[in-house]
Amino acid sequence: MVMHDLEAATGRYLDLIGRADEYGAVDLVLGLMDEGVSAEDVLLRIIAPGQRRVGELWASNEWSVAREHGATAISERAVAAVSGRVRPTPTRGRVAVACADGEYHALPTRIMAEVLRLRGWQVDFLGASVPGPHLITHLHQTGPDVVALGCTLPTRLPRAHATIAACQAVGIPVLAGGAGFGADGRFARLLGAEAWAPTADAAADRLAAGLPSFPAAHDGPGGAAADLGGEEYAYLTRHRADLLARVTDALREAYAPMGGYSARQLEHTAEDLGHIADFLIAAMYVHDAALFTEFVTWTCQVLVARKVPAESVVLGLGVFRDVLTDCPHARALLEEGVAAAQTCCADQRTETSV
Amino acid sequence: MKGATGAVRLSPDLVAALLEGSGEGIVLSDAEGVVTLANAVAVRLVPRVEPGLHVPAPLDSVPSAPEGRTVIHGGRAIRIRAEAVGDGRLAWYLTDLSAARRTEFLLEAGRRLSASLNPDRCARAATELGADFLSDVAIVLLPPTSRRRMGWVRAVAGRYGPEEGTLPAAAAAEVPGLTDALAGLRHGVAGQQDPGGAPDWLLPEGFGPAGHLLVLPLPGNGVPAGAIVLARGAGRSPFDDDDQVMARDLATRAGAAISAASLFREQSTINTILTGDLLPPDLPEIEGMRLAGRLRASQQAGAIGGDFYDVYLPDAAPDSGIVERPPLVILGDVCGKGARAAVLAGQVRHSLRTLLLLESRPDRLLELLNRSLLASPSPNSYVTMILAALRTAPGDHVLVDLAVAGHPPPLVLRRDGTVEEVAVRGSILGALKKITLRPATLDLAPGEVCLLYSDGITEAFGGPSGREMYGEARLKEALATCAGMPAEALVERLEQLSTEWLGGGRGGQQDDRALLAVRAGTGRTETSW
């Protein structure tokens with residue numbers, strides 16, 4: 001099948017999952033396989049791009065969160081249908097595939113698991129948000145050659161780090177994958193993963209090239225992991241709840257309309273502030289300002305698509321900065337966040353005036 | 001101390017004791033090149049050193065320089081540093097580099113062999129250590145299984161990743177000393193074997209004949225944990241005393257690691273079998289509806305707990321005496337957490353399976369369960385639960401006959417996004433002789449959802465302040481945003497919201513959490529979008 005046919009099929013697929021038409025979507029992918037499209041192409045060139053579009057459609061407020069979740073559930077079924085159709089005999093080693101603790105965006109990791117299975121690995125897929133003790137118990141019981149750890153949101157990095165270290169402590173190397181580890185994989189290296197792959201097929205190629213059978217010791221004085229976190233990170237993590245309460249109070253004073261918010265609006269504001277805190281904490285953990293500013297820019301875009309002005313982000317970040325009197329590093333990060341949000345405001349004004 | 005000479009008077013005896021205690025070899029010569037002093041380490045490393053004789057090789061070839069020189073002497077790597085100490089006298093300092101290798105070996109062996117509780121991973125680590133530190137090829141053979149085969153793992157120095165496989169147990173007899181080693185009969189005996197006797201399968205292809213072969217048992221918990229074979233190529237030096245000490249150390253540590261791991265595997269296999277029935281079942285496809293469930297145990301390593309759900313399909317071929325009934329789903333919560341609660345939950349599920357052969361009326365089933373729990377010898381056998389019998393009705397509707405015993409009543413998500421609590425009540429099971437029940441029947445139109453949940457969801461403490469209860473109102477509001485979602489997506493979203501509320505475990509104490517959704521209609525259902 002030629003390229004543009006696959007693109008057209010992706011469009012049809014997106015349409016079907018957008019209507020939560022499970023049978024339609026499953027029939028489509030199985031039909032493509034009957035026409036000779038490989039299972040890996042169906043996964044990586046139909047389902048994965050379709051799912052990426054779902055995320056974009058949610059961000060631009062064209063799809064509701066319910067529709068996004070519905071479409072994702074249908075894609076889960078489609079992946080299951082594809083993997084049910086092809087049963088390759090394992091010819092390589094064994095891999096445990098898991099999402100980081102707290103990570104619920106399981107589909108990209110699930111697709112990676114299926115691609116590895118298609119490439120001849122014996123795969124145990126442990127699912128979304130796998131708690132550390134559960135994963136380690138599994139590793140002792142099955143003794144895989146490698147753990148493939150998926151992380152989509154960088155806010156899960158501190159816990160992903162704990163998981164990576166725990167896997168290595170029981171002697172199993174880790175391949176890190178997913179957008180959470182940075183577009184260039186810099187956080188995977190920083191957290192000491194043996195390997196990183198941006199996509200499912202790259203992960204399969206990387207594993208085929210071979211990983212060390214036992215992780216190297218990281219505990220030397222020069223190890224990058226020794227510098228992770230820090231005093232302000234520990235403070236923010238421990239006092240997250242109090243901090244958010246203080247920020248909410250300060251925001252109420254700084255922004256009069258908040259007094260008239262409904263309980264639901266207040267909860268949404270609390271959620272948004274919670275996200276800011278979590279990204280700030282993650283950025284502090286890995287000492288990476290871009291992690292935070294990219295989140296700020298993305299948040300502005302999502303809010304603007306929902307008719308919320310980017311100025312509200314500038315305001316919220318400013319309040320955060322003012323409350324964090326004793327945390328110079330966090331304040332500096334927030335300052336950069338304010339600058340990023342102001343750029344978004346300027347962009348927005350240009351767009352409106354055009 | 002004020003100065004080296006001021007405080008302590010260094011008698012010749014004291015100097016000699018200090019020198020003897022040193023880990024480094026120390027040799028002193030006079031201006032004529034005659035040895036005047038040599039400590040014990042020096043004599044061990046270079047046996048020809050003797051006071052009164054000329055400085056022997058290889059010391060005499062080392063120039064006096066601070067960086068020293070590494071030489072191979074007597075099969076050992078020794079770093080020798082010579083230094084002028086005045087009046088034409090020279091001092092030599094000798095460091096045994098094989099001791100450094102031994103330290104490195106001990107560190108690595110500790111790190112690698114203590115890491116895993118998986119016997120195969122331990123065996124791999126042992127072979128890699130053997131190949132890295134002692135030999136060209138290292139093979140671990142595990143004790144024969146009931147099928148008269150033995151597993152083997154082989155690592156080759158400088159080659160990536162160990163290979164694995166199995167062999168007939170009888171093949172052990174082809175390697176000299178291996179049968180005895182596997183039987184644990186050669187413990188403590190030097191394991192040098194005739195290398196000519198090694199069969200082809202033992203060594204990797206292209207390795208050629210073995211020059212030296214060491215076969216050692218891996219001592220275990222009373223029974224041997226296997227054996228290790230170390231082979232060096234024909235051109236290599238034989239295993240010396242130090243090598244053999246190190247090999248025995250490797251065998252001891254590997255044996256301990258493999259047998260501890262085997263014990264863990266045995267226990268965890270038993271555990272898996274025992275808890276298998278306590279895990280939530282895979283939800284079946286039922287014509288005209290979709291089921292989806294989620295269960296999160298508070299005890300993360302065990303994945304079992306006091307919350308449970310189950311599905312009982314009607315008997316496929318009911319004969320006389322077996323009652324006919326529609327499919328039944330249940331969701332419940334046993335007092336307590338962890339394994340103890342899981343056992344009771346399993347008993348309840350099993351009791352119900354038996355009762356369902358003879359009784360189908362929900363109120364009668366709950367009364368019988370109540371009696372059975374009251375008669376239970378274990379204390380605090382309190383159970384709350386929901387029974388939901390599922391009948392299909394014309395127009396793709398589903399009728400749900402509900403009976404609730406002390407459990408939060410189910411919620412209903414209507415097509416227009418409104419959420420209602422079903423008016424159904426009843427007393428907890430296992431507490432009082434007499435229970436009262438107020439059952440109800442619910443009519444679900446296509447796309448509508450009946451949600452059963454446990455109080456671990458609504459009583460989750462967390463949120464922005466970290467101290468707030470999630471509560472029924474939030475659950476209802478969250479459910480309202482799920483209109484039109486497939487059942488699977490719905491339970492996943494609710495579980496995710498609940499986990500986020502809990503702050504993902506930062507809050508400390510957590511309860512088990514269970515969700516089960518019944519959605520009327522099938523995959524190709526029109527949605528509200």
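Proteins get letters first, then strands, A, B, ... in listed order; numbering begins at 1 in each.
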Who pairs with B:Thr269 by side chain to side chain contact (heavy atoms under 4.5 Å, CB included), at least two apart in sequence or on another chain?
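Only B:Arg265, B:Ile273 meet the side chain to side chain contact (heavy atoms under 4.5 Å, CB included) criterion with B:Thr269.
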
Contacts of B:Leu117 that satisfy side chain to side chain contact (heavy atoms under 4.5 Å, CB included) - sequence neighbours left out:
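By the side chain to side chain contact (heavy atoms under 4.5 Å, CB included) rule, B:Leu117 matches A:His140, B:Phe264.
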
Give me the atom names and distance for the closest heavy-atom approach of [X] to [Y].
X: B:Asn118; Y: A:Thr142; result: ND2-C, 3.3 Å
X: A:Pro144; Y: B:Arg121; result: O-NH1, 3.0 Å
X: B:Pro486; Y: A:Gly70; result: CD-CA, 3.5 Å

Passes side chain to side chain contact (heavy atoms under 4.5 Å, CB included), B:Arg296 versus A:Ser129? Steps please.
CA-CA 11 Å; B:Arg296 282 269 168 178; A:Ser129 185; 3.9 Å; yes

Can you tell me how far apart [atom1] ([X]) and [atom2] ([Y]) are? Round to the nearest 0.5 Å.
X: B:Asp120; Y: A:Arg94; atom1: CG; atom2: CZ; answer: 10.0 Å
X: A:Thr72; Y: B:Glu488; atom1: OG1; atom2: CD; answer: 12.0 Å
X: A:Glu68; Y: B:Arg493; atom1: CD; atom2: CZ; answer: 8.5 Å
X: B:Glu495; Y: A:Tyr104; atom1: CD; atom2: OH; answer: 3.5 Å

Check whether [X] gets within reach of chain B through its side chain, its backbone, both or neither, counting any heavy atom under 4.5 Å.
X: A:Glu271; result: neither
X: A:Ala277; result: neither
X: A:Ala169; result: backbone
X: A:Asp242; result: side chain
X: A:Leu243; result: neither

So what's closer than 4.5 Å to chain A heavy atoms on B:Glu128: side chain, backbone, both or neither?
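Contact with chain A: side chain only.
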
Engaged part of B:Glu477 at the chain A interface, taking heavy atoms whose separation is under 4.5 Å
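The side chain, not the backbone.
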
Largest heavy-atom contact set with chain B, pairs under 4.5 Å, which of A:Thr248, A:Val130, A:Leu211
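Greatest number of close heavy-atom pairs with chain B: A:Leu211.
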
B:Thr481 and A:His69: CA distance, side-chain angles, deciding distance, side chain to side chain contact (heavy atoms under 4.5 Å, CB included) verdict:
CA-CA 11 Å; B:Thr481 66; A:His69 274 260; over 6 Å; no

Between B:Arg474, B:Glu164, B:Glu492, which residue shows the highest count of heavy-atom pairs closer than 4.5 Å to chain A?
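The answer is B:Arg474.
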
For B:Asp416, I'd like to know if atom CG has over 12 heavy atoms of other residues, nucleotides or ligands within 6.0 Å.
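For B:Asp416, atom CG is crowded (more than 12 foreign heavy atoms under 6.0 Å).
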
